Student: 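Before anything else, here's the structure in question.
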Amino acid sequence: MRHPRFTPACLAAGLLFSAPALALDADVTGVSGPPADNVRHYLDALTAADYGRQRLVAEIEQRTRKALKAYGYYSPTVSVTLRGGDATIDGARVAVDPGQRVIIRELDIEVTGEGSDDKAFRQALKDLPLKEGEPLLHAPYENLRNRLSTLALERGYFDADFTRHRIEVRPWEQSARIYLTMASGPRYRFGDIRFEGSQIALERLRNMSPFAAGDPYAAGKLAEYNQRLGQTNWFRSIGVRPRIERPAPVAQAQRNWWEATVRESASGSPADAADVLLQPGAVTAARDLATPGPPRVPVDISLIPADRHQFEVGVGYATDVGPRLQFSWKQPWLNDDGDSLDHSLYLSGPEQTFSGTYTLPLENPLKDSYELQYGLKNLDNEDTQSLEASVEIARLWTFDNGWTQRIFARSTYEDFKQADEDERVLLYYPGVTWSRTRTRNPRFPTWGDSQRLSLAVSDTAWGSDARFVRGTLDSQWIRSLGSDWRFIGRTSVGAMSTGDFDKIPPSLRFFAGGDRSVRGYGYESLAPENDDGELLGGQQLLVASLEAQRRLTGDWWGAAFVDTGNAFNDWWPQELATGAGLGVRWVSPVGPIRLDIAHPFDNEEDSWRLHFAIGPEF
């Protein structure tokens, strides 16, 4: 059996025919800017091998003219010169004389029906860049059509239609007339909400709705409702869908009743009264009775309950506490009222904590609730040894401006040793906290801020072992400049007034220093000391920090920072501890990882300190 022979020439021919066809390389002259770019865009899809020479020239001319029309050039002169031979055409020179540009002589654009009074539609018409006496541009016209169509769907004008949509161009007089009319029809209203699959009492879910039956339809309200339901953590899956229903047809008096309205005979006189079943006014009245008020859009919500028991394990590391491990057991719903229970176990070298929170949502679960918190905490750090048990009940309000108000009453028993002080105290103290956190892109915020103000009071009058008034203010800001610069500012202020400082437990005293305080110094190593140099803690606190970050490449950022602050007993501090340094940030899939090298200016023993942490700033 003989096998075919492949010569070098055959191999070269095979490679030639199997090589992918390349797009046409066009050199455009005579126009510049967006019109020239549009011509190149139209010609990019051309492949010279698909056309004969004359047909290719004609195709280039046709596409060039089409591309120029989008910018108002309707009478261009196009000259095409191909580069290369018939079998090896590798490009073209396209010389364009665009001619005079078409000018808009008449611009008639309107929205009729209910939409004519809608601010969104009026703003869309106001934003149109086309004006009479200016050159014709096709893109803004098409963009306006798309925007009006989108607004109609988003705002419930489901019967909207374009009754006019045309551009009349008269190239011989370089003029254009644009006519666009949208008949919006009625704006639909929200109808009733129907739930499926909910394990939570439906009244609680309805109280969270941002709209009521009869409100004007808005797709954004559905998205907001979906988000609110998700924030409860009650459900594993949420589907919020509008169900568009047309008005019921008018009851028919007889088959083909519309043929029995008043009509003229062939002679022009009214038809016999016996043939008339409904006068035109009667038809209108019947239709109005069948469709009272604006049409409604019922909303169907399908829900799948979240798992009743959810377990998480977290592992981390920070210079302040070393390796850390956290176990959490969450029960997002216990009953049809939506009560929830969370437990957490936190373990690190200096601190071990077990805590729980029972939440009882009220009428609006996202805005009003009660909390019962309890916990045990063991702390052994520097000159502090403490065993703490606490119970707290709180009432929470979340306001429309994003602020949360929390009024609480707390009972704490703490067996502690701070330096040479050894005490066991039982404290009862009410207080109030206001807080707000705003952020964009929580994984690595490019914008955000967080504020927290807290006040608490204790007095022996109600059985507490110590009297004090204590307040704290924490504020943090993140702002960006472009996409490559990020700035972080942070401040913490604390103050306490007491005549029983020796009975104030370490959990209420102030300390500074560490990864989230003054870098360059050890964790909570800055505070007033006794005569033996042991930390006592302070009655006041002041910490401030400023950091600038610059993107190095991708998810890697460099950082430069300066921190200052201290804990002290007499306001104002005589001396603030200051640290400054450089760091690197990596935005990992599990959150930002931060590595800093800081120099403490007021510590003669250590010239630098390494800080490492995982997790977002907020």
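Just so you know, residue 1 is the first one in the sequence shown, and it goes up from there. All figures in this text were calculated on a predicted structure; none of them were measured in a lab.
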Student: Not counting sequence neighbours, which residues clear ring pair (Phe, Tyr, Trp, His ring centres under 6.0 Å) with Tyr217? List them please.
Tutor: Phe158, Phe190
Student: Any side-chain heavy atom of Tyr51 within less than 4.5 Å of one from Val57?
Tutor: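 Of all side-chain heavy-atom pairs linking Val57 with Tyr51, none is under 4.5 Å.
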Student: Pair Ile200, Asp336 - check side chain to side chain contact (heavy atoms under 4.5 Å, CB included), show working.
Tutor: CA-CA 4 Å; Ile200 305 299; Asp336 62 358; 5.6 Å; no
Student: For Arg395 and Asp368: C-alpha separation, side-chain torsions, deciding distance, then whether side chain to side chain contact (heavy atoms under 4.5 Å, CB included) applies.
Tutor: CA-CA 8 Å; Arg395 173 72 162 89; Asp368 304 289; 3.6 Å; yes
Student: Between Trp447 and Arg440, is there a cation-pi geometry (under 6.0 Å to ring centre, at most 45° from the normal)?
Tutor: yes
Student: Are Thr181 and Arg164 linked by a side-chain donor-acceptor pair shorter than 3.5 Å?
Tutor: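 There is such a pair (donor and acceptor under 3.5 Å, judged by atom type) between the side chains of Thr181 and Arg164.
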Student: Identify, with sequence neighbours excluded, every residue that meets side-chain hydrogen bond (donor to acceptor under 3.5 Å, both in side chains) alongside His138.
Tutor: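 Scan of His138 (side-chain hydrogen bond (donor to acceptor under 3.5 Å, both in side chains), adjacent residues dropped) gives Tyr74.
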Student: Can Trp329 and Asp342 be said to form a side chain to side chain contact (heavy atoms under 4.5 Å, CB included), step by step?
Tutor: CA-CA 6 Å; Trp329 171 28; Asp342 293 347; over 6 Å; no
Student: Quick one: does Arg101's side chain have a donor or acceptor within less than 3.5 Å of a partner on Glu134's backbone?
Tutor: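 No; zero donor-acceptor contacts below 3.5 Å.
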Student: First locate atom CD of Glu59, then atom CG of Leu46, and finally report the distance between them rounded to the nearest 0.5 Å.
Tutor: 5.5 Å
Student: Spell out, as yes or no, whether a donor-acceptor pair under 3.5 Å connects the side chain of Glu132 to the backbone of Leu107.
Tutor: yes
Student: Evaluate Glu173 against Arg177 for salt bridge (charged side-chain N to carboxylate O under 4.0 Å, His left out), listing each step before the verdict.
Tutor: CA-CA 12 Å; Glu173 62 179 31; Arg177 289 156 179 80; 3.5 Å; yes
Student: So do the side chains of Arg452 and Leu473 get within less than 4.5 Å of each other, counting heavy atoms only?
Tutor: no
Student: Which residue pairs pass the salt bridge (Lys or Arg N to Asp or Glu O under 4.0 Å) test when at least one of the two sits in residues 357-367, sequence neighbours left out?
Tutor: Lys367-Asp400
Student: For the residue pair Val80 and Ile60, what are the closest heavy atoms and their distance?
Tutor: CG2-CG2, 3.7 Å
Student: From Phe195 CZ over to Leu205 CG, what is the distance, rounded to the nearest 0.5 angstrom?
Tutor: 5.0 Å
Student: Measure from NZ or CZ of Arg166 to the centre of the six-membered ring of Tyr179 and say whether it is under 6.0 Å with the direction within 45° of the ring axis.
Tutor: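 Yes.
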Student: Do the side chains of Ile109 and Leu128 get nearer than 4.5 Å, heavy atoms only?
Tutor: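 Heavy-atom side-chain distance check passes, below 4.5 Å.
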Student: Could you tell me whether a side-chain N or O of Ser480 sits under 3.5 Å from a main-chain N or O of Thr446, the two making a donor and an acceptor?
Tutor: yes
Student: Which atom names give the shortest non-hydrogen contact between Leu136 and Ala176, and what distance separates them?
Tutor: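 Shortest heavy-atom contact: CD2-CB, 3.9 Å.
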Student: Filter on side-chain hydrogen bond (donor to acceptor under 3.5 Å, both in side chains), then keep only pairs touching residues 221-238, sequence neighbours left out; what's left?
Tutor: Glu224-Arg228
Student: Check His343 against Gly356 and note the closest heavy-atom contact, atom names and distance.
Tutor: CD2-CA, 3.8 Å
Student: Just wondering, more than 12 heavy atoms not from Gln123 lying within 6.0 Å of its CD?
Tutor: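 Enclosed: over 12 neighbouring heavy atoms sit under 6.0 Å from CD of Gln123.
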Student: Indicate yes or no for a side-chain donor-acceptor contact from Trp333 to the backbone of Ala306 under 3.5 Å, with no hydrogens or angles considered.
Tutor: yes
Student: With a cut-off of under 6.0 Å to the ring centre and 45° to the axis, is Arg155 in cation-pi contact with Phe121?
Tutor: no
Student: Give a yes or no on whether Tyr370 atom OH has more than 12 heavy-atom contacts from other residues, nucleotides or ligands under 6.0 Å away.
Tutor: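 Counting neighbours around OH of Tyr370, 12 or fewer heavy atoms of other residues, nucleotides or ligands fall under 6.0 Å, so no.
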Student: Any non-hydrogen side-chain atom of Ser75 less than 4.5 Å from a side-chain atom of Trp172?
Tutor: no
Student: Give the intermediate values and the outcome of side-chain hydrogen bond (donor to acceptor under 3.5 Å, both in side chains) for residues Gln326 and Ser344.
Tutor: CA-CA 7 Å; Gln326 183 164 337; Ser344 178; 3.2 Å; yes
Student: For the pair Asp484 and Arg550, evaluate side chain to side chain contact (heavy atoms under 4.5 Å, CB included) and give the outcome as yes or no after the intermediate values.
Tutor: CA-CA 6 Å; Asp484 295 329; Arg550 175 72 163 86; 3.3 Å; yes
Student: I'd like to check Leu144 versus Leu125 (side-chain heavy atoms, cut-off strictly below 4.5 Å). Are they in contact?
Tutor: yes
Student: Keeping Thr150 on the side-chain end and Asn146 on the backbone end, is there a donor-acceptor pair under 3.5 Å?
Tutor: yes
Student: Any donor and acceptor pair, going by atom type alone, linking the side chain of Arg551 with main-chain N or O of Gly554 inside 3.5 Å?
Tutor: yes
Student: Roughly how far apart are Leu151 CG and Ser184 OG, rounded to 0.5 Å?
Tutor: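 Going from CG on Leu151 over to OG on Ser184, the span is 11.5 Å.
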Student: Answer whether the closest heavy-atom distance between the side chains of Pro135 and Ile103 falls below 4.5 Å.
Tutor: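 Yes, close enough: below the 4.5 Å cut-off.
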Student: In Å and rounded to the nearest 0.5 Å, what is the CD to OG1 distance from Gln476 to Thr437?
Tutor: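 Going from CD on Gln476 over to OG1 on Thr437, the span is 9.0 Å.
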Student: Quick one: does Ser340's side chain have a donor or acceptor within less than 3.5 Å of a partner on Gln331's backbone?
Tutor: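 Checking the backbone N and O of Gln331 against the side chain of Ser340, no donor-acceptor pair under 3.5 Å is found.
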Student: Which atoms form the tightest heavy-atom contact between Trp403 and Arg436, and what is the distance?
Tutor: NE1-NH1, 3.4 Å
Student: I need the full list of salt bridge (Lys or Arg N to Asp or Glu O under 4.0 Å) pairs touching residues 204-213, with sequence neighbours left out, sorted by first then second residue.
Tutor: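 Residue pairs passing salt bridge (Lys or Arg N to Asp or Glu O under 4.0 Å), neighbours aside: Arg204-Asp337.
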Student: Measure across Ala394 and Phe408 and return the closest heavy-atom pair with its distance rounded to 0.1 Å.
Tutor: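 It is CB-CB, 3.9 Å.
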Student: Compare all side-chain heavy atoms of Trp477 with those of Gln451 and state whether any distance is below 4.5 angstrom.
Tutor: yes
Student: Report yes if the side chains of Pro445 and Arg486 come closer than 4.5 Å at any heavy-atom pair, otherwise no.
Tutor: yes
Student: Salt-bridge test for Asp555 and Arg585: reply yes if a basic N is under 4.0 Å from a carboxylate O, no otherwise.
Tutor: no
Student: In Å and rounded to the nearest 0.5 Å, what is the NZ to CG distance from Lys330 to Leu341?
Tutor: 12.0 Å
Student: Taking all non-hydrogen atoms of both residues into account, name the closest pair between Asp449 and Arg438 and its distance.
Tutor: OD2-NH2, 2.7 Å
Student: Do any N or O atoms from the side chain of Asp339 and from the backbone of Asn335 form a donor-acceptor pair under 3.5 angstrom?
Tutor: no
Student: To the nearest 0.5 angstrom, please state how far the CG atom of Leu334 sits from the CZ atom of Arg308.
Tutor: 6.5 Å
Student: Give me the ring orientation class for His309 and Phe311: parallel if the planes are under 30° apart, tilted from 30 to 60°, perpendicular past 60°.
Tutor: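 The rings of His309 and Phe311 lie parallel, inter-plane angle below 30°.
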Student: Determine whether Thr433 and Arg406 satisfy the following criterion, side-chain hydrogen bond (donor to acceptor under 3.5 Å, both in side chains), listing intermediate values before the conclusion.
Tutor: CA-CA 5 Å; Thr433 298; Arg406 189 173 187 272; 5.5 Å; no
Student: With salt bridge (Lys or Arg N to Asp or Glu O under 4.0 Å) as the rule and sequence neighbours excluded, what pairs involving residues 185-198 come up?
Tutor: Glu114-Arg189, Asp118-Arg187, Arg194-Asp300
